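All remarks here apply to the structure that follows.
As the structure is a prediction and not an experimental result, all values here were calculated from the model.
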Amino acid sequence: GRGFGSKGEAGDGTAEPGSIYSMPPLYDLAFGYRDYGEEVDFLLESHRRHTSPNASDDGDTGPVDVLELAAGPARHSLSALSEHDSSEVRSAT
C-alpha cells in the first residue's frame with residue numbers, strides 16, 4: 001500500500017508528493033506539541049541513573065554522546081546541544 005511512509009516512485013528515498021514528509025508545515029503541526037527540551041532532560045537523567053554504577057555520589061557520569069536514529073529534523077539533538085553544557089552533552093549525531 002501507499003501510505004505516509006512510502007518512498008518516491010523512483011525508489012530514490014525522496015518523499016512522495018502529498019506525503020507528510022514532503023510537507024514540513026504538516027509535520028510541524030503533527031509533532032509541534034512536544035516539549036523536546038523536557039524529553040531530553042528525561043533521557044539524560046535516565047541515562048545518568050541507569051548506565052553508570054560507578055557514578056559519583058552526585059550522579060555525575062560525565063558528558064554523553066547523543067545518537068538520534070531516524071531523526072527527522074533532529075529536534076532532540078538540537079535541544080540537547082543548545083540547552084545543555086558541553087560537560088553534559090559532548091556531541092549529537
Side-chain angles (χ1 to χ4, degrees):
R2 312 270 313 158
F4 282 125
S6 300
K7 301 287 185 193
E9 288 295 326
D12 59 5
T14 60
E16 178 180 332
S19 78
I20 194 169
Y21 303 109
S22 69
M23 296 180 276
L26 183 57
Y27 185 93
D28 287 339
L29 180 63
F31 299 104
Y33 67 92
R34 295 172 67 178
D35 184 338
Y36 292 97
E38 186 175 292
E39 291 177 11
V40 167
D41 291 345
F42 168 79
L43 292 169
L44 290 174
E45 179 58 31
S46 296
H47 177 267
R48 278 190 283 274
R49 233 180 312 162
H50 299 290
T51 61
S52 182
N54 298 322
S56 64
D57 290 338
D58 64 1
D60 184 21
T61 58
V64 297
D65 297 309
V66 175
L67 173 61
E68 188 170 2
L69 300 173
R75 290 189 178 124
H76 289 97
S77 294
L78 294 172
S79 178
L81 290 172
S82 67
E83 296 179 18
H84 292 274
D85 189 81
S86 61
S87 64
E88 287 185 280
V89 177
R90 181 176 35 226
S91 67
T93 306

Check side chain to side chain contact (heavy atoms under 4.5 Å, CB included) between [X] and all other residues, then give those that pass, not counting sequence neighbours.
X     : answer
Ser79 : Tyr36, Val40, Glu83
Leu69 : Leu67
Asp35 : Glu38

Checklist entry - Given the rule in the side-chain contact (heavy atoms from CB on, under 4.5 Å) test, do Arg90 and Val64 qualify, once you have shown the distances and angles that lead to the verdict? => result CA-CA 6 Å; Arg90 181 176 35 226; Val64 297; over 6 Å; no
Checklist outcome for this item: Distance col, row His76:NE2 vs Leu81:CG, nearest 0.5 angstrom, shows 13.0 Å
Next on the checklist: For the CG atom of Asp28 and the CZ atom of Arg34, what is their distance to the nearest 0.5 Å?
Outcome noted: 12.0 Å
Next on the checklist: Ignoring hydrogens, what is the shortest heavy-atom contact between Ser91 and Asp65? Give both atom names and the distance.
Outcome noted: OG-OD1, 2.8 Å
